[in-house]
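Accompanying notes for the structure given below.
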Amino acid sequence: MTSPARPPTRRIAARWGTGIVALGLAVTGCGGPTGGPTGGAAGAGSANGRVTSITALDYYTDGPEHTQWGELLTTCGKSVGVTVEQTSVPGPSLLPKVLQQASSRTLPDLLMLDNPDLQQIAQTGALTPLEQYGIDSSGFAQGILSASTYEGKLYGLAPNVNTIALFYNKDMLSEAGVAVPRTWDELKAAAVGLTRPGRYGMAVDANATFEGAWQFLPFLWSAGGDEKQLATPQAAQALRLWVDLVRSGSMSRSVLNWNQSDLRDQFVAGRTAMMINGPWQISALNAATGLHWGVATIPVPQAGQTAVTPLGGEVWTVPQNASRARQQKAAQVLACLNDSTNMLALAKERYTVPSRSAVASQYAEQVPSMAAFVASVEAARARTGELGVKWPKAATGIYTAIQSALTGEQTPEEALKHAQQTATSP
């Protein structure tokens, strides 16, 4: 990982391991906005002053995802009369490359960013506000728009998003007579009741990376904690829950080193009955022989509360360049990517959540295994929503505090006091 601004959740929604399936994406109505000036000198990608091709940059280098996005970019490009030349770089390389290109004014016409990175790039002045192209952003969940906004202006839109929820082994819960937990007290009791020799009741990703901080956020936020002030009783209450799960023996100390793929492997192997994870694991779970699993929203401190989870996923943006005509074409392709029909087709293919709430509700009815994620996205928050470009420091403080508390090196209160110092350090 080359930058603290890029949590590993940037790729979590990309790991389905499924084969390539034709998406049958709609092109009707994808022409997008046409208003505004269309000037710009003819050059690369132009013929007689008319734009015939644009460039796009993303971080999906793996075969299936690269091809899926390539097919959609091609389809949307054709609908607005351009060829889209797709370039993909490895995830850790994207942000450094974009920052270098922004400095040298060589950014692509269309750029995909992990949503926590958008504010850092917008801060440089490298992106154009989408309002100038007349792009329709109605119907998007508020957290999704927040993730794409910098200083009050919308710079990107995400066709699909993701978040995390509670996966559980149906057979194990049934055998133990344990109901799906909805509150923290029920979660602790269920984890104890499900623990057996060779099997833990619960698993989370508590490793010393942004992924560990990402998994902790639902507990922090649902308790009323805030990343702006980590040394609070609410934050300590959330961290104490994880400490109690480990101390009771119902959660392995190995969670300090496990990533989200490790959680999946433990769950598939029957070594944990419940785990916190995302929909990018569903393909692997479906492929596991004899595994009967369910998914529910993450338990909350008190019955009746709504879980607040972090928002994952990528946003598409239109960078600044010398050709207004190329920006217009890129904006039209971006509008097509965010067409409701394309959102739904992508979601079904990739186990993600459509960003428009009405489309997401339709999707939940058609794909019941995604219903918990759809419900969670409605209340999900952007990681940069409160702190903007200062979020990485807070995330570092959070995962460091998790490590200190779960190892017993510090109490939750002490660990979070130190986390606040990290978050506010120069």
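- Residue Ser148 holds its OG atom at 12.0 Å from OH of Tyr155, rounded to the nearest 0.5 Å.
- Looking at heavy atoms from C-beta onward, Glu314 lies out of side-chain contact with Asn160 at the 4.5 angstrom threshold.
- Salt bridge status for Arg240 with Glu413: present, with a side-chain N to carboxylate O gap under 4.0 Å.
- The CD atom of Glu85 sits 7.5 Å away from the OG1 atom of Thr83 when rounded to the nearest 0.5 Å.
- Rounding to the nearest 0.5 Å places CD1 of Ile398 at 8.5 Å from CG of Leu416.
- Shown here is Gln320, whose CD atom has more than 12 heavy atoms of other residues, nucleotides or ligands within 6.0 Å.
- The ring-ring contact (aromatic ring centres under 6.0 Å, His included) analysis of residues 71-99, with sequence neighbours excluded, yields no pairs.
- In the model, Tyr133 has a side-chain atom that pairs as donor or acceptor with a side-chain atom of Thr128 under 3.5 Å.
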Original post:
Can you list the steps and then say if Ser222 with Gln305 is a side chain to side chain donor-acceptor pair (under 3.5 Å)?
Top reply: CA-CA 8 Å; Ser222 297; Gln305 292 180 319; over 6 Å; no
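- Residues Thr272 and Leu263 have side chains not in contact (no heavy-atom distance under 4.5 Å, counting atoms from C-beta outward).
- Annotation: side chain of Thr74 is not in contact with side chain of Val84 (no heavy-atom distance under 4.5 Å).
- Residues Val89 and Tyr60 fail the side-chain proximity criterion, which asks for heavy atoms closer than 4.5 Å.
- Here the closest heavy-atom approach between residue Asn207 and residue Tyr399 is recorded as O-CB, 4.0 Å.
- Annotation: side chain of Leu157 is in contact with side chain of Leu145 (closest heavy-atom distance under 4.5 Å).
- Side chain of Gln327 to main chain of Val318: no donor-acceptor pair is present (N/O by atom type, distance under 3.5 Å, no hydrogens or angles).
- The aromatic rings of Trp242 and Phe216 lie perpendicular to each other, with more than 60° between the two planes, well past the 30° mark.
- Judged by distance alone, the side chains of Gln281 and Gln260 never bring a donor and an acceptor atom under 3.5 Å apart.
- Formation of a donor-acceptor pair under 3.5 Å by the Thr317 side chain with backbone atoms of Pro319 is not found in this model.
- Side chain of Asp205 to main chain of Gln215: no donor-acceptor pair is present (N/O by atom type, distance under 3.5 Å, no hydrogens or angles).
- Ring geometry for Trp184 against Phe219 counts as tilted: the plane angle lies between 30° and 60°, on a 0 to 90° scale.
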**OP:** Take Lys390 and Glu227 through the salt bridge (charged side-chain N to carboxylate O under 4.0 Å, His left out) test and state the conclusion after the steps.
**Re:** CA-CA 10 Å; Lys390 297 179 180 179; Glu227 59 271 33; over 6 Å; no
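- Remark: Arg350 fails to qualify as a cation-pi partner of Tyr363 under the 6.0 Å distance and 45° angle criteria applied to the six-membered ring.
- Panel note: side chain Asp226, backbone Lys228; a donor-acceptor pair is recorded below 3.5 Å.
- Side-chain contact check for Thr352 versus Pro279: every heavy-atom pair is 4.5 Å or farther apart.
- Taking the six-membered ring where the residue is Trp, Phe167 and Phe373 present tilted rings, their angle falling between 30° and 60°.
- For residues 78-132, the set of pairs meeting the ring-ring contact (aromatic ring centres under 6.0 Å, His included) definition, not counting sequence neighbours, is empty.
- Distance alone, capped at 3.5 Å, places no donor-acceptor pair between the Thr124 side chain and the Gln120 backbone.
- Interatomic distance, Tyr59 OH to Trp69 CH2, rounded to the nearest 0.5 Å: 9.5 Å.
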**OP:** Kindly indicate, with the supporting measurements, whether the criterion side chain to side chain contact (heavy atoms under 4.5 Å, CB included) is fulfilled by Leu344 and Gln362.
**Re:** CA-CA 9 Å; Leu344 185 59; Gln362 178 185 359; 3.6 Å; yes
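- A salt bridge does not link Asp109 to Lys329: none of the charged nitrogens lies less than 4.0 Å from a carboxylate oxygen.
- Between Asn338 and Pro159, some side-chain heavy-atom pair lies under the 4.5 Å cut-off.
- Evaluation of the salt bridge (Lys or Arg N to Asp or Glu O under 4.0 Å) test over residues 131-153, restricted to residues two or more places apart or in two chains, returns Asp136-Arg356.
- The side-chain heavy atoms of Leu113 and Leu111, taken from C-beta on, include a pair separated by under 4.5 Å.
- Side chains of His66 and Ser88: a donor on one and an acceptor on the other come within 3.5 Å.
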